[in-house]
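Structure, as structure tokens:
What's counted below: heavy atoms across the whole structure, side chains too, no hydrogens, waters or symmetry copies. Since the structure is predicted, the reported quantities are computational estimates derived from the model, not experimental observations. Quick note on labels: first sequence line is chain A, next is B, and so on, each numbered from 1.
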There are 2 protein chains.
Amino acid sequence: MTNDLPRIYLDNSATTPIHPEVASAMSELLIRCYGNPSSIHFLGRESRIIIEKARKSMAQALGCSPSEIFFTSGGTESDNMACRCAVENLGICRIISSSLEHHAITHVLDQLHKVHGTEICWLPNDPQGILDMNQLQQWLKESRDLNIPTLVTLMHGNNEIGNMLEIEKVAALCKAHNALFHSDMVQTVGHYPLNFTEMGLDMASGSAHKFYGPKGVGFIYIRGGLSLGAMMAGGSQERNMRGGTENLPGIAGMSLALELSVSSMDQRRERISRLKNRLKEGILEAIPGVTFNGNIKGPTMYQVLSVSFPPHPKGEMLLFHLDIEGICASGGSACSSGAESRSHVLNGIGMPKDRTAVRFSLGSHNTEEEIDRTLHVLRKILLDAS
Amino acid sequence: MTNDLPRIYLDNSATTPIHPEVASAMSELLIRCYGNPSSIHFLGRESRIIIEKARKSMAQALGCSPSEIFFTSGGTESDNMACRCAVENLGICRIISSSLEHHAITHVLDQLHKVHGTEICWLPNDPQGILDMNQLQQWLKESRDLNIPTLVTLMHGNNEIGNMLEIEKVAALCKAHNALFHSDMVQTVGHYPLNFTEMGLDMASGSAHKFYGPKGVGFIYIRGGLSLGAMMAGGSQERNMRGGTENLPGIAGMSLALELSVSSMDQRRERISRLKNRLKEGILEAIPGVTFNGNIKGPTMYQVLSVSFPPHPKGEMLLFHLDIEGICASGGSACSSGAESRSHVLNGIGMPKDRTAVRFSLGSHNTEEEIDRTLHVLRKILLDAS
């Protein structure tokens, strides 16, 4: 590990560097606005105003009403809350999902099955990670015919392979079959234009640190009229939907980060797409036998490139070699990188065991020079030694 | 509301102003350490080191092993996790608690009763809020004799009336009867010398913003060997005990706040106790018929004074009058102040409806001048007008 190397951060799906304006606003609020937003005195009211302003701004950015946005500690809590409360408070008995979801979904579904006996239906997928929509329709039809209260939870953008769901189509399908629809949108909030109301969602999850905001704060969108109820029981915060003193600097930081991300979205997308293409073309050109994971023909996220490198003596240690050269990338999801040798998503798409996956995920700060250096380093590791 | 009045903040049980050193450390980390602690590259490892350093420091301050500290989003999550996982993962069928607990406990117990049919035994208390220890012993004996897996959850320091539990005694009682013991220590962590191991606790909850740390982060202590399991299912963070990308600046801020609080504890306690006495004596002298809520003879927290003012035309609006004069205090718990006319704790000790409760909770920044001005304002409101 060479500490004075310029770092090239290509792990933006794991987490993004915070926007300097966001950090600066939070630093000021940490000191100045310490009142408990539930307190009725001046300092409490001042804090309350900031929180409600943040809620309004986020609702505007996401095409919904402020009363449909609830602040949480992050995407994992929002995902847990959506699934758990649907079962415990809305009488959901069947949940249709996919094994390619984030563990914040798959593991809570395992819990619900164990604790409540909830039936979990795992949608099959093909080697490109494309979900079987016919099976979804068939299960939804069965749910409607047999009157089984059903929730569908499918992520908008896959964090490992970048596949994107045809979300409006799934939402319409759910609606037509009286099923609820939740989407983990942790990877797309702030990166894609979203209008929750028009998209026909019942619930959605988001996390600030994926769009240049702070860690430790997120939100859940709950369509008006849906009485999901609280997972975190306690004080009457968030209109009784989430107990616990509000993380004021985090909430204000998240709302500012979303504003900034939305306002620079088109420009960022264009820029990052170009860089991703440069990286993809460069890899294709340099490395014989390389392929890419995920949906090849359909829509994938512009910021994620999941590469499948052919068998190579340095394959297993590729990430470490990249790290030594100052390049930050990951094998799959960061959340599990300490735990498993191979991610459940890569297993789920049946990626051959002798190939090596590297997820490059790009951000607003990346440059052409960084991409070129990454290509140079890849060639050095994989070609010079062979 | 006069904005240029010097504010006197006497609501430190609701939340404390952040320590400037903590805010400054967090501001730096927000920018510098953005790597996901689960990432295996340099930036991830750098973040991981900070988190584990914080865990070690906290464990040292709290008399336990680093492996017994798990980071959460706050006291509410920790309380929910302790109770919920005890029922769902440890087979607890009976929970003994008190209606004077924080809603983060009472409301999750209501949930568990509703969802899992858990038997909830509410300990009676007297008008001073002292719990019936004979009843506790009787229930524990019954649990042991009938082999009912039982959890006792009782807070260390009551946030509204300041009563303190004889925690070692309760811990010993639980141990003798094979019951688990959890304590909500949100009000005492950082304010009292604590040694979780010696105290004989199985679980404890803490929240950073109650000891001059940031909002949105807390911890749960889980005694080694107790397989509580996760409430928040997701990634393998916190050794599979709490999914979700770690709130690094919050965690580091909490650990620094605890270090600072512990190192200045004796001095602060002496200083705040003196100020509280000054306030108490002054109120007793000035206001005929005034009394104090909570345990009169036994131990109460040095930082909390819950006053019961006699019937008065301005009684109902007393907090508002104080606020107009720049004095921040609360009626009971801040968490419910928007929601109810009267707190469940004040109802629980049978406080007469025609009297007015004001909780003054003191902090490290308060001064004699502030106490004297508060006394002056109280006299002005309650005596000049009558």
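Chain B forms more heavy-atom pairs under 4.5 Å with one residue of A:Leu248, A:Asn247, A:Leu43 than with any other, namely A:Asn247. Listed options A:Arg32, A:Glu28, A:Met231 were ranked by heavy-atom pairs under 4.5 angstrom with chain B; first place goes to A:Met231. Contact count against chain A (heavy-atom pairs under 4.5 Å) is highest for B:Cys328 among B:Ala104, B:Cys328, B:Ala23. For chain B, the option among A:Pro17, A:Gly44, A:Ser73 with the highest count of heavy-atom pairs below 4.5 Å is A:Pro17. Taking chain B as the reference chain and counting heavy-atom pairs below 4.5 Å, the highest number among A:Gly218, A:Gly216, A:Gly250, A:Gly253 is found for A:Gly216.
Heavy atoms closer than 4.5 Å to chain B are found nowhere in A:Arg48, neither backbone nor side chain. In this structure, no portion of B:His19 lies under 4.5 Å from any heavy atom of chain A. For B:Arg84, the part lying near chain A is the side chain, with the backbone staying farther off; criterion is any non-hydrogen pair under 4.5 Å. Contact annotation for B:Met232: both backbone and side-chain heavy atoms come within less than 4.5 Å of a heavy atom of chain A. If you measure heavy-atom distances from A:Glu246 to chain B, the contacts under 4.5 Å come from the backbone alone. For chain A, the nearby part of B:Thr16 is the backbone; its heavy atoms alone come within less than 4.5 Å. Contact of B:Met81 with chain A is not made at all, since no heavy-atom distance falls under 4.5 Å. With a 4.5 Å cut-off on non-hydrogen atoms, A:Arg242 touches chain B through its side chain but not through its backbone. At a 4.5 Å heavy-atom cutoff, the contact between B:Glu77 and chain A is made by backbone and side-chain atoms alike. Contact annotation for B:Arg239: neither backbone nor side-chain heavy atoms come within less than 4.5 Å of a heavy atom of chain A.
Counting heavy atoms from C-beta on, the side chains of A:Thr76 and B:Gln237 never come closer than 4.5 Å.
Here the closest heavy-atom approach between residue B:His116 and residue A:Val115 is recorded as CE1-CG1, 3.4 Å. Closest of all the heavy-atom pairs between A:Asp323 and B:Ile40 is OD2-O, 4.4 Å. Closest approach of B:Ile18 to A:Leu30, counting heavy atoms only: CG2-O, 3.1 Å.
Between the B:His107 side chain and the A:Ala233 main chain, no donor and acceptor come within less than 3.5 Å of each other. In terms of modelled atom types and a separation under 3.5 Å, the side chain of A:Lys215 and the main chain of B:Tyr34 share a donor-acceptor contact. The backbone N or O of A:Thr15 sits nowhere less than 3.5 Å from a side-chain atom of B:Asn36 that would complete a donor-acceptor pair.
In this structure, OG in A:Ser27 is found 7.0 Å from CD1 in B:Ile31, a value given to the nearest 0.5 Å. Note that SG of A:Cys85 and CD of B:Gln111 are 7.0 Å apart. Values are rounded to the nearest 0.5 Å. Considering CZ of B:Arg7 and CD of A:Glu46, their distance stands at 8.0 Å, rounded to 0.5 Å.
Between B:His41 and the options A:Leu10, A:Asp11, A:Ile324, a side-chain contact (heavy atoms from CB on, under 4.5 Å) holds for only A:Asp11.
Within 6.0 Å of NE2 on B:His113 lie no more than 12 heavy atoms contributed by other residues, nucleotides or ligands. Within 6.0 Å of atom CD in B:Glu316, 12 or fewer heavy atoms from other residues, nucleotides or ligands are found, so the atom counts as exposed in its surroundings.
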